[in-house]
S.K.: 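I have a structure I would like to understand better, so I am pasting it below and will then ask my questions one at a time.
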Amino acid sequence: MSIEIPKAYEPQEIERHRAQVWFETQLYRPPDDSRGEVFSIVLPPPNVTGSIHIGHMLEHTQIDIIVRWKRMQGFKTLWLPGMDHAGIATQVVVERQLAAEGLKREQLGREEFERRVWQWKAESGGKIKDQMIRLGVSCDWTRARFTLDPPLYRAVMEAFLRLHREGLIYRGRYMVNWCPRCQTALSDLETVHESHEGKLWFIRYPVKASNEFIIVATTRPETMLGDTAVAVHPDDERYKTLIGKTLILPLVNREIPVIADDSVDREFGTGAVKVTPAHDPNDFAMGQRHKLAEIDVMTPDAHISAAGGPYAGLERFAAREKIVQDLKAQGLLEKTTNHPMSIAICDRCKTIVEPRLSVQWFCKMKPLAAPAIEAVERDVLSIVPENQRKIFLDWLANIRDWCISRQLWWGHRIPIWHCGKCGAMTPASDSKVEIVNGHAQIASVPHACGKCGSKELTQDPDVLDTWFSSGLWPFSTLGWPDDTEDLRTFYPTSLLISGYDILFFWDARMTMLGLHLMRGDTLEERIPFHQLYVHAIVRDPHGIKMSKTRGNVVDPLEIIEKHGTDALRFALAVMAAPGTDIALSEERIIGYRAFANKIWNAARFLFFNLEKAEAAGLTIDELAAPEIRAKAPYTAADALPHRWIFSRLASVTAQVNDALENFRFHEAAHVVYHFFWGDFCDWYIEWLKPQLSSQNREETVASWRNLFAVFEYALRLLHPFMPFLTEELWHRLPQNADAKSISLESFPIANPVWSDPAAEEQMALLQELIGTVRNARAEAKLDAKKKLAAELSSEKTSVRELAERNLEPLLRLSYLTELKIQEQPFGTAGDALVRTTAQFELRIRTGEVADVQAEIAKLKKEKARLKQDIETKQSRLADTTFRSRAPEEIVRGLEATVAERQREYQKIVDRLTGLV
RNA sequence: GGGCGAUUAGCUCAGUUGGUUAGAGCGUUCCCCUCACACGGGAGAGGUCCAAGGUUCAAGUCCUUGAUCGCCCACCA
């Protein structure tokens, strides 16, 4: 029997097929009846708009590695997927589509607009799901959730109503970040600050009935239309006499007072600041302190409002220009200076944000943050890497109230009704939802105003910040507020893996809301996840952030089509050192595609040679039945290669498990890569080749069994990193005809019994021996096909024996025709290449006269290197402080090294004297 | 303004408690289409670990300062 497989690994069809099977068989739904330790994790839900990008790919790869690893370790494992309705982001996309049709959402009306968004959601969401399935993520699709699904809608209502009852959610007229394009309030997090080359305008404000004036400096002259005071520092000698006087506000001719306030910075500008309570957060606070009028001079779309008199209707920057010109014309513009500053822009649409006074809903954060801080400090929630923990804590410590209302139509509508008569607010009596037109909305609509009994009730038009519902994700997805089986089983989740870009948006909010809303006496019971691993972001090959405008984005699906998912996954994993961003290049991915091919071909080699096993009388069962495999390693007359590879397996397994435990994906991937390619393919398989069809049946049987055992072991080790390839090969293994999936097999556990330092040491020596031969022939530029004879000498019996016993593989690996082993050192004839190490001396007969001069030059170079090395070490050893303070093992180690180098040195000297 | 990170081979990056000759992938040079794999095999070259001080028997690793680059936070008119 032999199994035919193609010469090169072509991932596309294989991956598509495997992904489909995994999905259709619901392979990753945790068995309902199983008990045992639980591992649960939620997918950071991608925005329903857009598509899977490389950042998702990194995140999904890391989660999937951990999840597959845990599942194989025997945990009852749930990875819960889903999508986020992504309030603004989605609404913006659909509004853009409408704009292309020449429509505005107001023309459609709320209901029709929502219908359009749902339509788009179905399309886009379906695409994302298909993409994720194609990526092979091992999540439980039967539990997929969407933030606007009825049960989750209800969870949002429940959370809102509860926080509202508790007084943690309040409504009020405050200064908020307002996006004039999105026409909605934004939270602080949804704005980003950009440095900007601004200007500082110095404007004269005349004192009433006097020739005096005060010069104020401002970066936003257009807001002067709304000025209601000018403030100076109370102790500022320059202005002391003016405090309390009245100024005439230029252009609008309004009378405004000069007030004194501690918050004024005497050093800045002229030390006098115009106060615009309706258009600046500081001024708003000052206005509150001094009971100043708030004059809103701007419309929601950032044009000057009627309150701006002659400037009404002008766009804000056009107004600025005109105002500056008018001031100049009236001689009131003292001067203009450059002023570097930072401006806030809308994270979503990049429009400059306008601080705006408006009525919004807020969530008090201090009381919610306190338990979260405690949880992190007490390590109830552990955060990796360490520096993210500090950032997390700092943010919580300085937290401010969260503006949670958005003037959008797409989202969870606030379950509060306003009375048209008395203005009082009546909340829904409970969180139940009903389905209307297929979608959830609050069911328990109040019939009358809770205060005056009027029936004139209208629901608050606003929806909640999309992150409010995201903040409930780890429990809303499990059925909260009901006490469901899932919630009891899988909450708290074990781990969260998320990017640092949403640490505050999402991770921190989930932590706070979970701790507050969930039942349980202890933080441990309420915390939404026990561990938080914060991953980095993917950058382009030059380390530059990917963005559509720069055009350096990498489409993971394109890469996957070209090189396969496993190659991309492996590249991402091996580059994902905690705390540093990833510069991803296609070359790198191609490299791991080659690795996949290498694995494929190792399998091909096994399959190809099965006849040889049969020739030795082995059946498939004998070869690789699980119970037979379990007894590996089998040893034969020459046990060294087997002892060695299993010893390597023991340490590799320990390293992989340890690395994954600490989210050191790069280390785990690196270790399996080098084990498979270096140890397994380059040495073990090569070594075993002659034994696979040798005359010695015992040896052949042992080699075959071990080869299969190691190979299938390696597949399991590799599976979390390369799920498709390993699954495919697993099924092609002859003994696995009926196997369900490698992902349900057990993950290797390091077997300390296999650890065999002696074997590793001997192998290292053999590798050195072989390397020496290869090096010599390469340097002598000998024809690669030319067979050589060599002689080996060593004072050490163990070395001679080792070489003798492993004659076969040595011949094979080095293309020697003959190897003679002797005790005595060689003479010094010039017809051979001689290589000397501390352990042995090797003479390779080339059959031609060696280039003696080249040999001498090489030896001299080596001699000099050794001399230098020995001297440095000796002087170190001569240092009495070193001898007295350094640990004894270090000193002894150094002594041994020096002794060895000296022997080597002596040999070279001898050889040189012979040659010269 | 506050905080954080980075600087190691031509390029992109590893290097967890300080310890003997600092690693990987790609690229590059030389040899080989050897019966699993040219997406391969073999052998090389290539680094005063940003700079200057310091701690230590011992520093890529710890401390201080500086330079360059990057990121995050922030209500500096």
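Below, each value reflects all heavy atoms present in this structure, side chains not excepted, and no hydrogens, waters or symmetry copies. Lettering of chains follows the sequences in order, A, B, ..., and the numbering in each one begins at 1.
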S.K.: Any side-chain N or O of Lys689(A) under 4.0 Å from OP1/OP2 of rA36(B)?
M.R.: yes
S.K.: Taking CD from Glu889(A) and C1' from rG19(B), how many angstroms apart are they, rounded to a whole number?
M.R.: 9 Å
S.K.: Step by step, work out the ring pair (Phe, Tyr, Trp, His ring centres under 6.0 Å) result for Tyr592(A) and Tyr673(A).
M.R.: CA-CA 9 Å; Tyr592(A) 295 109; Tyr673(A) 178 92; 5.5 Å; yes
S.K.: Does Lys7(A) make a side-chain N or O approach to OP1 or OP2 of rA38(B) shorter than 4.0 Å?
M.R.: yes
S.K.: Just the table, please: protein N/O against nucleotides 41-43 of chain B N/O, every pair under 3.5 Å.
M.R.:
{"residue": "rG41(B)", "atom": "OP1", "partner": "Lys598(A)", "partner atom": "NZ", "Å": "3.0"}
{"residue": "rG41(B)", "atom": "OP1", "partner": "Trp677(A)", "partner atom": "NE1", "Å": "2.4"}
{"residue": "rG42(B)", "atom": "O3'", "partner": "Arg774(A)", "partner atom": "NH1", "Å": "3.4"}
{"residue": "rA43(B)", "atom": "O3'", "partner": "Asn775(A)", "partner atom": "ND2", "Å": "3.1"}

S.K.: Can you tabulate the close N/O pairs, meaning under 3.5 Å, that link protein atoms to atoms of nucleotides 73-77 of chain B?
M.R.:
{"residue": "rC75(B)", "atom": "OP1", "partner": "Arg400(A)", "partner atom": "NH1", "Å": "2.1"}
{"residue": "rC75(B)", "atom": "O2'", "partner": "Asn282(A)", "partner atom": "ND2", "Å": "2.7"}
{"residue": "rC75(B)", "atom": "O2", "partner": "Asn282(A)", "partner atom": "OD1", "Å": "2.3"}
{"residue": "rA77(B)", "atom": "OP2", "partner": "His339(A)", "partner atom": "NE2", "Å": "3.1"}
{"residue": "rA77(B)", "atom": "N6", "partner": "Asp265(A)", "partner atom": "O", "Å": "2.6"}
{"residue": "rA77(B)", "atom": "N1", "partner": "Asp265(A)", "partner atom": "N", "Å": "3.0"}

S.K.: Over how many whole Å does the gap from Gln388(A) atom CD to rC4(B) atom C1' extend?
M.R.: 9 Å
S.K.: Can you check the Phe607(A) CZ to rC35(B) C1' distance for me, whole Å?
M.R.: 19 Å
S.K.: Which is it for Glu10(A) and Arg593(A) under the salt bridge (charged side-chain N to carboxylate O under 4.0 Å, His left out) test, yes or no, and what are the steps along the way?
M.R.: CA-CA 10 Å; Glu10(A) 295 296 340; Arg593(A) 178 193 179 139; 3.5 Å; yes
S.K.: So, using ring-ring contact (aromatic ring centres under 6.0 Å, His included) as the criterion, who are the partners of His193(A) when residues are at least two apart?
M.R.: none
S.K.: If rC4(B) has a Watson-Crick or G-U wobble mate with both distances under 3.5 Å, name it; if not, just say none.
M.R.: rG70(B)
S.K.: Between Glu294(A) and Arg356(A), does at least one N-O distance fall below 4.0 Å, as a salt bridge requires?
M.R.: no
S.K.: Check this for me, if you would: do Arg892(A) and Glu895(A) make a salt bridge, where the nitrogen-to-carboxylate-oxygen distance has to be below 4.0 angstrom?
M.R.: no
